[in-house]
Every structure is written in C-alpha cells, then in structure tokens.
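Below, chains carry the letters A, B, ... as their sequence lines are ordered, and counting in each starts from 1.
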2 protein chains.
Amino acid sequence: MRSAALRPTVGEVARAAGVSPSTVSRVLNGSPRVSPATREAIEAAISELGYEPNNAARSLVGGRTHTVGLVVSEPHERVFGDPFLAAIVRGVSREVMRARLQCAVLMANDAVDREKVERFVTQGHVDGVILVSLHEGDRLPDVLTAAGVPAVLSGRPMGLRRPVTYVDADSRGGAALATRHLIGLGRQRIATITGPLEMPAGTDRFDGYCDALRDADRPVTRSLVAEGDFTEHSGAVQMGRLLERHPDLDAVFVASDAMAIGALHALSRAGRRVSDDVAVVGFDDVPTARFTNPPLTTVRQPFDDMAVALAQRLVAQLDAPDAVVDHVVFPTELVVRASA
Amino acid sequence: MRSAALRPTVGEVARAAGVSPSTVSRVLNGSPRVSPATREAIEAAISELGYEPNNAARSLVGGRTHTVGLVVSEPHERVFGDPFLAAIVRGVSREVMRARLQCAVLMANDAVDREKVERFVTQGHVDGVILVSLHEGDRLPDVLTAAGVPAVLSGRPMGLRRPVTYVDADSRGGAALATRHLIGLGRQRIATITGPLEMPAGTDRFDGYCDALRDADRPVTRSLVAEGDFTEHSGAVQMGRLLERHPDLDAVFVASDAMAIGALHALSRAGRRVSDDVAVVGFDDVPTARFTNPPLTTVRQPFDDMAVALAQRLVAQLDAPDAVVDHVVFPTELVVRASA
DNA sequence: GTGAAAGCGCTAACAG
DNA sequence: CTGTTAGCGCTTTCAC
C-alpha cells in the first residue's frame, strides 16, 4: 500500500535528476528558462517516480486554490431542473478538469446552505465561481463581485447592481421559432402558457411568442396568454383556463416542458386530441420531454455547449482577472416530433 | 474589495486575543487543553476578525486534503441516468459539506478521463472517494483499495478482488413487489423485460420477479422473459418480441423506466391498451416516469437517502481508516399509479 | 495551560 | 540557465 505519505516531492525529483528543487519547479510551471537537456532529465525523473505536485503546498505559496466552485442555487421546488443540472455538472467539471483545476460542487438549497456557501466562496476557498439556476433576488453574484471573486452565471440575471459575465440560451429566438412553427402548421388561435413574467426565462419566451405573431401580422390576444410558474401543475391549470376561455384554440406554445406535460394531461382530460386538434410545442428546460406520449415538439437548448462555455469563461477570467465582462448567447433549435 | 491576500491568519487572531498562535490552533481543533477564559477570548477574536482557516496550509501540514472525490463513471450511452446522478450529486455534496469537507466532482466518461481520474485520486488529492454508476470491469475500486484510499460505492459491484463498502437499493425486493402487485391485479401471463443479466441491477430484478412468481406457485416461463439493455429502444424491441410470442400476455414488469417507456410505445403501436389490456410496472432508475402518459406504476428507489448514506459511510471511514467494510441496502417501494 | 520553534511541499525572489 | 534562501499559514512536538 503506497500511502499519501510516501509520495515523492520536488526535492526527490530534483535529486533523481541531479538538479535543484527550483529547477524542477520551473519545469513544472512551464518556465522557458530551462535548458532542453535538464528539462528532459527532470521530466524523465518525474514520470520515473510517478511524481504529482502537492496541491496544498502549491496553493499555500501561490495564493490560488486551483479549485473553482460550482454553486447550484436550486430552490427545492424546481426538482425538474435536475437533468439540466446533470448536464451542467458534467460539462463544467470536465472542462474545469481539462484546465487542470478541480471543481467543487456547492449546493445551496436553503438559506442555511446559502449562508455557508457564501462564506466559503468569499473566504478564498475557490479561485472563481460558476453559478447555476440562480433565482432572482439572490445576492451571491453581487457579493462575489464585491469581494473580487471571478464569477460566471448561467442565464441572464435580473436586477444585479454590477455587470457579470453570463452564458445563456436564446430563449426569445427559440420561442419565436416554436410559434412560427405553429403558424406554419396553419394554426389560427395560438395560445401560450408563459413562465413567471418577473423572470428572464419567463419574459424572454413570451417576447419570442409575440415576435413571431407580430412578424406574421397577427395580434397578441391577451386572453390567449396564461401565466404559469414553470411547474407541471401550473401547466395543467393554465391549460384548463385557456380551454375555458377559448374552446376554439388550436395550438399552444408552452414555455417549459414541465408545464407542457401538465398541459398535455389537461388536454386529454378535456377530451382534446393533442396534435390534430391542438398542436403543442414545449420548451426543454429538461430533456425529459422525450418520454412523453405522444412525443412533444420542443425547443432545445444546447446544455452541453453551455456548460463548456461557462467553464471556459471562468477559466479565462482566472487567467486575466481584469477581463471584460461579456455575455454569450447560444442559439436554440426546434426539434419537431410527430405530435405537433 | 477584500481579496484573499488580506485574510486574517492565526497569528492575527492570536495577537488580537493576546495569546500565541498555537493556542489559537488548539481552539480551532477543539483541543481540551485550553482554559475556558482563553478559549472565549479567542473565539471572540475569531468572529471579530471573520477568521476562516486556510485550507491549503491546513492540508499541507496535516496531510489531509479535506476533500472527497465524487467519481461519476458514467458511460456515455447511459444518458438516461442523469436525474439519478443529479440526486446523488446533490445529496452527497450536501452531506460532505456538512462534515466540513469539500466535494470534488470527477467525471470519467471515456478512457482518457478515467486515466486522469485514477491518477488524481490515487495521488493524494482527495481523502476518500465515492464512486457512482460504475460499470463492470472498472478497475478503479480495486486500484483505490490497493492504494489505501477509502472508497464507498453506490450499487453492489461485481467481480471485485477485494471487498468494498457499498450502498444499494433493494432491487430484488422491489422487483418482487412489482410482480406481486401484478399478480394481485389478477393478471395471468406476466412477462418481464430484464436488464443485462451480467449486471447486478439486471439479475437482482429478474430474481425478484422469479421470487414473486414462485411465492405464488406460478412457473417462470422462459418465453415470457426478454433481456433488454436498459435503453428505451431495447424496451420497445423486447416488448414487440414478447407480444409476438405471447399475444395473450396481460402484464409486464419492465426492469427500468427507460425500457418501460419503450414498452409503452410498442404497446400502443401494437394497438394494445396499456393498463386495461396489458398492465405495466416500471422501475425507476430515473424519476422521469412521472412524465409518461398514461402514468406508470413504478418501483421507487430512495436516491436521496442513498446519497446521504454514501457520504456518511465515507466520512466514517475517513475518521476510522480501518473501519469494517459493510453494505447498506435500502428498501424500495411501489408507487402505484392509475395505469397498472 | 501556554509559548517557542520547526517544518509540511512548493514557489518566488535573488544571486550567480 | 541554475542554485540558494526565505517563507506561505498552519499544526505539532517539546519545553516551561
């Protein structure tokens, strides 16, 4: 059993290569001031001994922890976000590891955790932070920027006092795509179930819906718009309301998959045939829509790409602390399925 | 901007409290050899200055990294495992944080990553490791135990050379529950679509199915058993085969949700009415079954509890390195829905 | 019960 | 180009 205690150190590598520790360190850090010969000798010694630098020591002297925090501010009710979370965790941790950093996941479900996380990240335990599924009013972004901790957000934030770099999907464009698709199917009375209108994801998707209608010289009818809260339940409820107000509606763009599922149920409960009778398009916050029956046409977001972008932006900021704040918006696409 | 550089150190806390650094350290580490008065003074100083110990320094001297690795050996094809992953990541990272440790997520999708991860965890970057969604033939568990790195697995492993602590759900019991439920519904020809029979999750669930039939003095009919590979596609294919061989079957226990979805599609394609005609029970590796239409009765695994158990076992092993290897098996339950 | 001193493994000046 | 020196923040003997 080769325990951590007997790991080789720079000193040993140095001795094996017949040089001093500093030179080894230089090689380790890619300094150009090392002769090819020595470098080779050192590299040989390194792989010979199976040397791996000690992160703790390195951090202690360098002041950098070599770890980035992935803060998931998932309010518990949004259980639905899980697969999204999984995609992000996977992509981010991969990319972070590629940058030879480690990725610490920090869950902040309730106020207590949030407090802990806030401490943790502002007290120098991480070099930077990636924030996902942040909800409005979360003060973490501001706290971080105030403390000078590099941060990157997933999703355009609302009401921040200071600008922050973020990565988002083109919700608005996607919603327009979806609505245009319904128009293209020849639908006349296209309703929508929006998300909460005080959330960017809510307003953006509603705006996209309006864009498409406007482009087609159609009016946005207030009574064809129902505001949900992204949950399956609200989808069912709002679909029911819409059907009451407009028994004649023939299509609906639903701003989240969860709500779309609810809407499907409400429709079948009302004896309406999905697709033929009422065309439905969802918006995949989560890749679960593929499990619905009938299959659901949805707006797809490139989660994996977004995860990679998140990690890369952060790494870039770590290397250049005074880099400009910027925003990346990924295109969305419509995945058409039999049903709509 | 209060940067990491100006964080208070033990020295400063000591000065503020009028003692020596060593005493501060003793308080920090809960040593009993400190007078109540000094302790109080020091604690006051600590919260006064907002002191937080520097992890790197602490690790350097203590030889412990205070971080546990959460290795996700997710082979890419099993995308549907995502929500499971999310539940585990959430639960584990929470619990780990509670133990005042940090949790580094390590994705090992391909061979290259796996190599990196193996290095990382065996070279002392973590104090212990939690392994999830390990596939058979993965050598990591053996490598870890050989290197003396504490490890805990999720799911009973197969073919390990050394015993390892693991946390699992009672697949077999759950499968029996499901099958018994179908028997209770008065079904006569109960088929099953199993998982790969060289995987524990595959055999366990098949065994549970057999248990229930045997208990009811029913034979296990070979032609009513089809082996799938846990994917939605295989579920559809195997359901089709079963229907061909046994047009008269009136129930099916499907060993995974993904396959159950496939089976539902195959059934409706064949014009069979789910529930009335053919009762279906799934097994939730993932909590997506709630999205099916009609809703699916499923065997539910307590993912959150399992995550907590995983973390706790590992932490226990860290504190007592020579703790006994043991296994925890969580009960599963049947969530009955309208359809079956 | 408390302080002084040494050192964990590494890097960053500074010499040479 | 390379070696020497000092020290990051903390814990831990060892004295007192």
Side-chain angles (χ1 to χ4, degrees), chain A residues 3-43 45-46 49-67 100-102 123-127, chain B residues 3-43 45-46 49-67 100-102 123-127:
Chain A
S3 87
L6 1 140
R7 272 171 61 194
T9 71
V10 267
E12 279 148 43
V13 174
R15 199 163 344 115
V19 296
S20 81
S22 347
T23 310
V24 175
S25 174
R26 280 191 264 269
V27 169
L28 253 25
N29 295 290
S31 159
R33 314 181 163 287
V34 182
S35 80
T38 2
R39 157 163 288 128
E40 231 170 273
I42 292 173
E43 268 158 4
I46 287 178
L49 280 80
Y51 169 80
E52 273 256 319
N54 178 323
N55 237 315
R58 185 175 257 205
S59 302
L60 184 55
V61 58
R64 298 184 59 172
T65 61
H66 303 278
T67 107
R100 319 210 80 234
L101 300 172
Q102 61 182 278
Q123 306 275 321
H125 291 296
V126 296
D127 293 336
Chain B
S3 90
L6 2 139
R7 272 171 62 195
T9 72
V10 268
E12 278 149 43
V13 174
R15 198 164 344 116
V19 295
S20 81
S22 345
T23 310
V24 174
S25 175
R26 280 192 263 269
V27 169
L28 252 26
N29 296 290
S31 159
R33 313 181 163 288
V34 182
S35 81
T38 356
R39 158 162 289 127
E40 229 169 276
I42 292 173
E43 269 158 3
I46 286 177
L49 279 76
Y51 170 80
E52 274 255 319
N54 178 323
N55 237 313
R58 184 174 257 201
S59 302
L60 183 55
V61 58
R64 297 184 59 173
T65 62
H66 304 280
T67 107
R100 319 210 80 231
L101 299 172
Q102 60 182 278
Q123 307 275 324
H125 290 297
V126 297
D127 294 336

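Looking at B/Ile42, B/Val13, B/Val10 one by one, the single match for side-chain contact (heavy atoms from CB on, under 4.5 Å) with B/Leu28 turns out to be B/Val10.
Here B/His125 pairs with B/Phe120 under the ring pair (Phe, Tyr, Trp, His ring centres under 6.0 Å) rule; sequence neighbours left out. For the salt bridge (charged side-chain N to carboxylate O under 4.0 Å, His left out) test, residues two or more places apart in sequence or in another chain that qualify with A/Glu52 are B/Arg119.
A distance-only check finds a donor-acceptor pair linking the side chain of B/Thr65 to the backbone of B/Asp127 [under 3.5 Å]. Side-chain atoms of B/Thr23 do not come within 3.5 Å of backbone N or O of B/Val19 as any donor-acceptor pair. Side chain of B/Thr67 to backbone of B/Val126: no donor-acceptor contact under 3.5 angstrom is found. Proximity of a side-chain donor or acceptor of B/Asn29 to a complementary backbone N or O of B/Ser31 within less than 3.5 Å is not detected.
For D/dG3, one of the phosphate oxygens OP1 or OP2 lies less than 4.0 angstrom from a side-chain nitrogen or oxygen of A/Thr23.
Look at CG on A/Leu60: it is 4 Å from C1' on D/dC8, rounded to the nearest Å. If you take CG of A/Leu49 and P of C/dG9, they are 14 Å apart, rounded to a whole angstrom. Taking atom CZ on B/Arg15 and atom C1' on C/dG3, their separation rounds to 16 Å, with Å as the unit.
Under the salt bridge (charged side-chain N to carboxylate O under 4.0 Å, His left out) criterion, no residue pair touches residues 19-36 of chain A, with sequence neighbours excluded.
Side-chain atoms of A/Ser22 and A/Ser25 include no donor-acceptor pair closer than 3.5 Å.
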- In 5'-to-3' order, the base (B), backbone-only (S) or no-contact (-) status of each nucleotide in nucleotides 10-16 of chain C, using a 4.0 angstrom heavy-atom cut-off, is SBBB---
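Taking the C1' atoms of five terminal pairs at each end of the helix from C/dG1-D/dC16 to C/dG16-D/dC1, the two resulting helix axes are inclined by 30°, rounded to 10°.
The two residues A/Arg7 and A/Pro53 come nearest to each other via the heavy atoms NH2-O, 3.3 Å.
For DNA chain D, the neighbouring residues in residues 33-41 of chain A, judged by any heavy atom under 4.0 Å, are A/Arg33, A/Val34, A/Ser35, A/Thr38.
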